[in-house]
There are 2 protein chains.
Amino acid sequence: MALSHAIMTALLEDDMSGYELAKAFDISLGLFWRASHQQIYQELHKLADRGWLQRETVAQAGKPDKIVYALTEAGRSAMAEWVMGNSRVQEGKDDLFVKLYNLAESNAAHLAMEIGHRREQMMQRLYLYEKIRRRHYADPTALPVRRKGVFLALLAGIRQGEHFLAWCDEAQAILATVDGKESDGG
Amino acid sequence: MALSHAIMTALLEDDMSGYELAKAFDISLGLFWRASHQQIYQELHKLADRGWLQRETVAQAGKPDKIVYALTEAGRSAMAEWVMGNSRVQEGKDDLFVKLYNLAESNAAHLAMEIGHRREQMMQRLYLYEKIRRRHYADPTALPVRRKGVFLALLAGIRQGEHFLAWCDEAQAILATVDGKESDGG
DNA sequence: CAGTTTTATGCAATTTATTGCATATTGAGT
DNA sequence: ACTCAATATGCAATAAATTGCATAAAACTG
């Protein structure tokens, strides 16, 4: 009961096919949830069986047919109920930080490199999110209600990303001193 | 291949029983990984079978016997190898942000409440982590190598927490305006 | 026209995580 | 003696997520 809610959230405004959903997860919702297409297709079947989504096959010109999913009334009320329930904190579960607990002279350079890689990925993301923010959420007070929620989520993602970039720089500075120690011995 | 590494990381310095590990996960490593005791016990069996951990039953006065696990040489080298491999970014997967995409007049108050609850939880955590930081990581430059890594992880956790608190305040301010709109339109 | 990429959907197997239950010792409270 | 809480370990069932493979239509590439 987790990916299902993320999927149904993505379907709140636009009806979509599994393929389109997989793409949407890579961008907008991707900050808060990641899912492979296999998982999405499986989940869509379950949700349709439960009566929360409706399937409709749509023929396309120049492309294979697609199956578009739309929220049913039952689906919408299930979502409304879910929002009013309590959610639990979910830990990061990021290997990178666990790896840092294993820091040694022998792996300091590698960890610095991994952090550099993460930094770049985050930069690219932030660029995208900042663009979305400027384009669609420039004046948050003027937004309709639901959009304000999306804005808040986006804001959390951007802030987290910026903090992460700053941390990367700090981490790399410290790792550089660890790594440097070694080179004057050999 | 994920919880196993977190467990073995926790065993780097101290040998521990499953019960003790479960507790350790709630505090120190808990920022980056959460696991139930069932999962930990299962994983410990697997790791022992693989030859990465060694079991030893220890009788205790006034308490039931415990089974203490220690890293083997094979375990240590498996860890060293793992650190040198590449890790992938892992998304947050937090319900709260997905819920925000569903913001409406009807649930704004509830979401503000949930955010308030999260804020309090984070405050308590930060209090604990700041205490650890002041006590054991006051002067990061003077730390031995491995400890510097732990410090960096801790720092990331603290920074993330602080950012989250600030975001909570901002979010609640915006949610308050959403909620207030309703009362004068009635 | 053969080969690759993009769009589009799916099954099967395995691994990982959660939920619920079961067991057993010891100490403290009533 | 009975109950409760903390310590300590585990099984079984289910749910969720990952990995690998399979299919197929159309467009673009050479």
Side-chain angles (χ1 to χ4, degrees), chain A residues 1-8 15-27 29-30 32-50 53 55-69 82 86-95 98, chain B residues 1-8 15-26 29-30 32-50 53 55-69 82 85-95 98:
Chain A
M1 247 20 83
L3 172 62
S4 58
H5 297 120
I7 287 176
M8 290 170 83
D15 299 347
M16 277 189 264
S17 68
Y19 191 83
E20 289 160 344
L21 269 166
K23 281 194 156 183
F25 268 76
D26 277 347
I27 29 174
L29 258 169
F32 313 110
W33 221 276
R34 171 78 34 121
S36 61
H37 77 270
Q38 291 93 332
Q39 212 190 332
I40 289 172
Y41 284 123
Q42 257 177 280
E43 202 63 40
L44 284 170
H45 280 288
K46 280 187 207 167
L47 291 171
D49 287 348
R50 233 179 279 173
L53 297 182
R55 295 163 64 100
E56 196 189 344
T57 305
V58 175
Q60 296 180 108
K63 286 176 191 173
D65 291 1
K66 64 179 177 179
I67 301 168
V68 171
Y69 290 84
W82 170 71
N86 287 312
S87 63
R88 275 183 289 171
V89 196
Q90 218 122 359
E91 307 317 316
K93 292 207 178 181
D94 192 326
D95 281 355
V98 179
Chain B
M1 249 18 88
L3 173 60
S4 58
H5 297 121
I7 286 176
M8 289 170 82
D15 300 346
M16 276 189 265
S17 69
Y19 191 83
E20 288 161 346
L21 269 166
K23 280 192 157 184
F25 267 75
D26 276 349
L29 258 169
F32 312 111
W33 221 277
R34 170 80 32 120
S36 61
H37 78 270
Q38 291 93 333
Q39 212 189 332
I40 289 172
Y41 284 122
Q42 258 179 280
E43 204 62 41
L44 284 171
H45 281 286
K46 281 187 207 166
L47 291 171
D49 288 347
R50 235 180 278 173
L53 297 183
R55 297 163 64 100
E56 196 190 344
T57 305
V58 175
Q60 297 181 108
K63 285 176 191 173
D65 290 2
K66 64 179 177 180
I67 301 169
V68 171
Y69 290 85
W82 170 71
N86 288 313
S87 64
R88 276 182 288 172
V89 196
Q90 217 123 0
E91 308 315 317
K93 295 208 178 182
D94 193 326
D95 281 356
V98 179

side-chain contact (heavy atoms from CB on, under 4.5 Å) filter on A/Gln42, not counting sequence neighbours, yields none

Protein N or O to nucleotides 21-28 of chain D N or O, pairs below 3.5 Å:
residue : atom : partner : partner atom : Å
D/dA26  : O3'  : A/Gly62 : O            : 3.2

Could you please name the option among C/dT18, C/dA17, D/dT18 that lies closest to any side-chain atom of B/Ser36?
C/dT18

For A/Ala22, all residues meeting side-chain contact (heavy atoms from CB on, under 4.5 Å), sequence neighbours excluded
A/His37, A/Ile40

Looking at residues at least two apart in the chain, or sitting in another chain, which of them share a side-chain contact (heavy atoms from CB on, under 4.5 Å) with A/Asp49?
none

Taking NZ from A/Lys46 and C1' from D/dA15, how many angstroms apart are they, rounded to a whole number?
7 Å

To the nearest angstrom, the CG-P distance between B/Leu44 and C/dA17 comes to 14 Å

Less than 4.5 Å apart, any side-chain heavy atom of B/Tyr41 and any of B/Tyr19?
yes

Mapping B/Lys66 and B/Arg88 onto DNA chain D by nearest heavy atom, which one lands closer to the 5' end?
B/Lys66

CG of B/Leu3 versus P of D/dA17: gap in Å, rounded?
16 Å

Under 4.0 Å, counting only non-hydrogen atoms across every strand here, what does A/Arg34 touch: a base, just sugar-phosphate, or nothing?
nothing

May I have the distance from A/Gln39 (atom CD) to C/dA12 (atom P), rounded to whole angstrom?
18 Å

I need the OH-P distance between A/Tyr19 and C/dT6, as an integer number of Å.
8 Å

Atom-pair distance (OH on A/Tyr41; C1' on C/dG10), nearest Å
8 Å

Rounded distance in Å - CD (A/Glu43) to P (C/dG10):
14 Å

Is any side-chain N or O of A/Lys23 closer than 4.0 Å to OP1 or OP2 of C/dT7?
yes

Minimum heavy-atom separation for B/Tyr69 to B/Ala48, with atom names?
CE2-CB, 4.3 Å

Taken in chain and number order and not counting sequence neighbours, the residues that satisfy salt bridge (charged side-chain N to carboxylate O under 4.0 Å, His left out) with A/Lys93 are none

Which of D/dT18, C/dA17, D/dT9 is nearest the side chain of B/Trp33? It is C/dA17

Would you indicate which nucleotide in D/dA17, D/dT7, C/dT9 comes nearest to any side-chain atom of A/Ile67?
C/dT9

Take the protein atom NE2 of B/His45 and the nucleotide atom C1' of D/dA12, then report the distance between them rounded to whole Å.
14 Å

Residue list, salt bridge (charged side-chain N to carboxylate O under 4.0 Å, His left out) with A/Glu20, at least two apart or on another chain
A/Lys66

